[in-house]
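Report on the structure given below.
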Amino acid sequence: MGHDFQGTGLNSHMKFLMLQYAFETLKFEKVEFRIDERNKKSRKAVEKLGATLEGILRQDTVMSDGFRRSTCCYGILKSEWPTIKSNTFKRF
């Protein structure tokens with residue numbers, strides 16, 4: 001069912017609204033995304049938003065099947081938000 005919404009811009013719009021709320025209403029200093037290193041699609045999507053890869057926590061999480069996954073940590077700082085908002089989310 002989620003595949004029906006891929007490519008519609010819904011995900012980008014939702015990310016915009018969440019980031020706007022975090023930075024402009026809640027006054028957060030930073031928003032962080034943690035993504036399984038193997039999930040290339042999600043990593044690319046977050047990079048497209050303008051988030052910066054800050055590091056990889058190697059084998060930090062044990063999955064239910066016993067696999068030890070590595071986690072990519074991405075972040076957006078409050079000081080970066082105005083540029084990201086005007087460049088990445090200019091259509092909203």
Side-chain angles (χ1 to χ4, degrees):
M1 181 167 230
H3 294 286
D4 295 342
F5 298 100
Q6 288 181 349
T8 65
L10 179 63
N11 190 27
S12 292
H13 199 158
M14 292 305 300
K15 291 259 186 337
F16 166 72
L17 292 172
M18 290 189 289
L19 288 167
Q20 183 180 45
Y21 184 70
F23 288 118
E24 298 175 23
T25 301
L26 299 177
K27 307 295 184 196
F28 280 14
E29 293 294 320
K30 178 181 178 180
V31 172
E32 188 174 286
F33 301 87
R34 291 180 174 236
I35 303 169
D36 187 325
E37 182 179 39
R38 301 167 295 168
N39 191 340
K40 302 222 185 289
K41 192 171 189 177
S42 289
R43 290 180 63 187
K44 187 172 182 171
V46 168
E47 290 167 3
K48 199 170 157 184
L49 292 177
T52 300
L53 177 63
E54 297 179 339
I56 298 175
L57 303 174
R58 299 180 308 147
Q59 297 182 6
D60 70 310
T61 303
V62 179
M63 308 304 285
S64 60
D65 63 358
F67 178 79
R68 297 187 65 84
R69 86 164 207 195
S70 295
T71 302
C72 295
C73 299
Y74 288 87
I76 297 174
L77 301 175
K78 180 169 78 173
S79 61
E80 298 167 334
W81 171 240
T83 302
I84 290 172
K85 181 179 178 181
S86 65
N87 293 341
T88 306
F89 298 110
K90 59 185 163 212
R91 62 184 170 189
F92 302 121

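Heads up: numbering here begins at 1 and tracks the sequence.
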Open item on the list: I'd like to know if L26 and I76 are part of one continuous hydrophobic network [Ile/Leu/Val/Met/Phe/Trp/Tyr, side-chain heavy atoms within less than 4.5 Å].
Closed with: yes
TODO: State the NZ-CG distance between K41 and N39, to the nearest 0.5 angstrom.
DONE: 9.0 Å
Task: Minimum-distance pair of heavy atoms, taken over all atoms of F33 and L49 - done: CZ-CD1, 4.3 Å
Task: Rounded distance [0.5 Å steps], CD in E47 versus OH in Y74 - done: 3.5 Å
- [ ] Flag yes if F23 and L17 sit in one hydrophobic cluster, no otherwise; membership is Ile, Leu, Val, Met, Phe, Trp, Tyr, and two members link when side-chain heavy atoms are under 4.5 Å apart.
- [x] yes
TODO: Kindly compute the distance separating CZ (R38) from SG (C72), expressed to the nearest 0.5 Å.
DONE: 11.0 Å
- [ ] Can you measure from CD (E80) to NZ (K85) and round to the nearest 0.5 angstrom?
- [x] 15.5 Å
- [ ] Give a yes or no on whether L19 and L53 share a hydrophobic cluster (residues Ile, Leu, Val, Met, Phe, Trp, Tyr; joining criterion: side-chain heavy atoms under 4.5 Å apart).
- [x] yes
Open item on the list: Between K15 and K48, does the side-chain contact (heavy atoms from CB on, under 4.5 Å) criterion hold? Intermediate values first, please.
Closed with: CA-CA 11 Å; K15 291 259 186 337; K48 199 170 157 184; over 6 Å; no
- [ ] Step by step, work out the side-chain contact (heavy atoms from CB on, under 4.5 Å) result for F16 and T88.
- [x] CA-CA 9 Å; F16 166 72; T88 306; over 6 Å; no
- [ ] Verify the neighbour count for atom CZ of R68: are there more than 12 heavy atoms of other residues, nucleotides or ligands below 6.0 Å?
- [x] yes
Open item on the list: Ignoring hydrogens, what is the shortest heavy-atom contact between K27 and E24? Give both atom names and the distance.
Closed with: NZ-O, 3.0 Å
Open item on the list: Rounded at 0.5 Å granularity, tell me how far CG in L77 sits from OG1 in T52.
Closed with: 7.0 Å
- [ ] For the pair R69 (side chain) and E37 (backbone), establish whether a donor and an acceptor sit closer than 3.5 Å, ignoring hydrogens and angles.
- [x] no
- [ ] Kindly check if the number of other-residue, nucleotide or ligand heavy atoms within 6.0 Å of OH (Y21) is above 12?
- [x] no
- [ ] Classify the ring geometry between W81 and F89 as parallel (under 30°), tilted (30 to 60°) or perpendicular (over 60°).
- [x] tilted
Task: Exam field: side chain S70 to backbone Q59, donor-acceptor pair closer than 3.5 Å - done: yes
Task: Separation between OG1 of T71 and CD1 of I56, rounded to the nearest 0.5 Å - done: 9.5 Å
Open item on the list: What verdict does the side-chain contact (heavy atoms from CB on, under 4.5 Å) test give for M18 and V31, after you've listed the backbone C-alpha separation in whole Å, the side-chain angles of each residue and the deciding distance to 0.1 Å?
Closed with: CA-CA 10 Å; M18 290 189 289; V31 172; over 6 Å; no
